[in-house]
Amino acid sequence: MTLVYGNRGCGKTRRLIKWSAKTGGYIFTATKEGKKFIESMIRDMKLRGKAHVFCKGDVIGHTLDCPPNGTKVSIDEFQQFLHDMIPQYEIEEITFSGDRKRLRGGIKENL
């Protein structure tokens with residue numbers, strides 16, 4: 001698993017879009033609004049038909065936008081998923097376990 005981190009606007013989602021276009025994997029986002037935003041980025045990057053995104057609503061509604069089981073996915077804004085899982089709490093910190101190797105740009109770590 002790879003952790004991509006950084007401030008807003010530093011290229012995290014753009015990186016996921018390029019990954020999706022290159023590998024055929026899907027980007028998974030928590031909301032329909034997030035999906036629409038990423039779809040607009042895909043169009044702007046001229047990667048329509050190459051990069052793919054779906055949202056939690058697609059999985060729940062079993063829409064055609066939902067990739068098959070076993071498909072590799074990257075999650076955009078994973079903190080939204082955590083908030084949905086335990087909305088009664090304010091998440092202050094999170095930890096990750098695993099070997100960590102810092103990669104270029106300061107926005108990616110392998111876990």
Side-chain angles (χ1 to χ4, degrees):
M1 177 174 35
T2 300
L3 171 63
V4 180
Y5 63 95
N7 294 328
R8 292 183 67 86
C10 74
K12 299 180 305 292
T13 302
R14 185 172 295 275
R15 180 185 189 95
L16 295 184
I17 292 169
K18 290 178 182 177
W19 167 84
S20 175
K22 182 179 178 180
T23 67
Y26 282 69
I27 302 165
F28 188 28
T29 187
T31 66
K32 289 180 183 180
E33 293 79 15
K35 178 182 174 182
K36 288 178 185 178
F37 176 73
I38 293 171
E39 287 173 335
S40 72
M41 288 182 70
I42 289 170
R43 283 191 301 275
D44 291 348
M45 294 171 69
K46 303 199 181 339
L47 292 173
R48 195 169 181 190
K50 296 179 182 177
H52 309 283
V53 60
F54 71 111
C55 69
K56 187 171 62 174
D58 296 332
V59 175
I60 293 169
H62 304 288
T63 70
L64 296 177
D65 293 335
C66 187
N69 289 345
T71 300
K72 287 188 178 186
V73 299
S74 288
I75 299 175
D76 191 51
E77 302 292 344
F78 78 93
Q79 70 275 13
Q80 291 179 356
F81 288 95
L82 289 176
H83 176 71
D84 287 351
M85 290 170 57
I86 50 174
Q88 68 273 34
Y89 302 109
E90 182 178 336
I91 300 169
E92 184 67 24
E93 296 182 86
I94 58 173
T95 64
F96 296 92
S97 297
D99 294 330
R100 294 167 33 132
K101 179 181 174 187
R102 191 172 181 102
L103 299 179
R104 61 191 131 149
I107 64 165
K108 180 178 176 183
E109 286 199 18
N110 280 344
L111 300 178

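These numbers come from the heavy atoms of this one structure, side chains and all, not from hydrogens, waters or symmetry mates. As the structure is a computational prediction, the values presented were derived from the model and not from experiment.
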**Q** With a 6.0 Å cut-off (strictly less than), is the heavy-atom count around CD of Glu92, excluding the residue itself, greater than 12?
**A**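 Count not over threshold, so no.
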
**Q** Side chains of Thr31 and Gln80: closer than 4.5 Å at any heavy-atom pair?
**A**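 Touching, per the 4.5 Å side-chain cut-off.
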
**Q** Do Ile75 and Val59 belong together in a cluster built from hydrophobic side chains that touch within less than 4.5 Å?
**A**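 In one cluster with Ile75: Val59, yes.
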
**Q** Is it possible for you to say whether Ile27 and Phe78 belong to one hydrophobic cluster, with membership spreading through side-chain heavy-atom contacts below 4.5 Å?
**A**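 Different clusters.
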
**Q** Drop me the distance from Ser74's OG to Ile17's CD1, to the nearest 0.5 angstrom.
**A**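 It comes to 11.0 Å.
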
**Q** Leu16 and Phe37: same hydrophobic cluster, using ILVMFWY side-chain contacts below 4.5 Å?
**A**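 Cluster IDs for Leu16 and Phe37 match.
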
**Q** Treating Ser20 as the side-chain partner and Gly25 as the backbone partner, does any N or O pair qualify as donor plus acceptor under 3.5 Å?
**A**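 At least one qualifying donor-acceptor pair exists.
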
**Q** Would Thr13 and Met41 count as a side-chain contact (heavy atoms from CB on, under 4.5 Å) here? Give the steps.
**A** CA-CA 9 Å; Thr13 302; Met41 288 182 70; 3.8 Å; yes

**Q** Which heavy-atom pair separates Trp19 from Tyr26 by the least distance, and what is that distance?
**A**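 The pair with the smallest heavy-atom distance is CZ3-O, 3.4 Å.
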
**Q** Please report the C-alpha distance between Lys12 and Asp76 in whole Å, then the side-chain angles of each, then the deciding distance to 0.1 Å, and finally whether the salt bridge (charged side-chain N to carboxylate O under 4.0 Å, His left out) criterion is met.
**A** CA-CA 8 Å; Lys12 299 180 305 292; Asp76 191 51; over 6 Å; no

**Q** Testing the basics here: between His52 and Ile42, what is the closest heavy-atom pair and its distance to 0.1 Å?
**A**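 For His52 and Ile42, the tightest heavy-atom pair comes out as N-CD1, 4.3 Å.
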
**Q** Counting only heavy atoms from other residues, nucleotides and ligands, does the tally under 6.0 Å from NZ of Lys18 exceed 12?
**A**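 Atom NZ in Lys18 is not crowded, with 12 or fewer foreign heavy atoms closer than 6.0 Å.
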
**Q** Parallel, tilted or perpendicular: which one describes the rings of Phe81 and Phe28, with boundaries at 30° and 60°?
**A**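 If you compare the ring of Phe81 with that of Phe28, the planes turn out tilted.
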
**Q** Which value, rounded to the nearest 0.5 Å, describes the distance between Ser40 atom OG and Met45 atom CE?
**A**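 Atom-to-atom, Ser40:OG and Met45:CE are 11.0 Å apart.
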
**Q** Checking salt bridge (charged side-chain N to carboxylate O under 4.0 Å, His left out) for the pair Lys32/Asp58: CA distance, chi angles, key distance, verdict?
**A** CA-CA 9 Å; Lys32 289 180 183 180; Asp58 296 332; over 6 Å; no

**Q** Between Val73 and Leu82, is there shared hydrophobic-cluster membership here, with clusters defined by ILVMFWY side-chain heavy atoms closer than 4.5 Å?
**A**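 Yes, Val73 connects to Leu82 through the hydrophobic network.
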
**Q** How close do Lys56 and Ala30 get, heavy atom to heavy atom, and via which atoms?
**A**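 Lys56 and Ala30 have their closest heavy atoms at CB-O, 3.5 Å.
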
**Q** Report yes or no: does Thr29 contribute a side-chain atom to a donor-acceptor pair with the main-chain N or O of Cys55 at less than 3.5 Å?
**A**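 Answer holds: no.
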
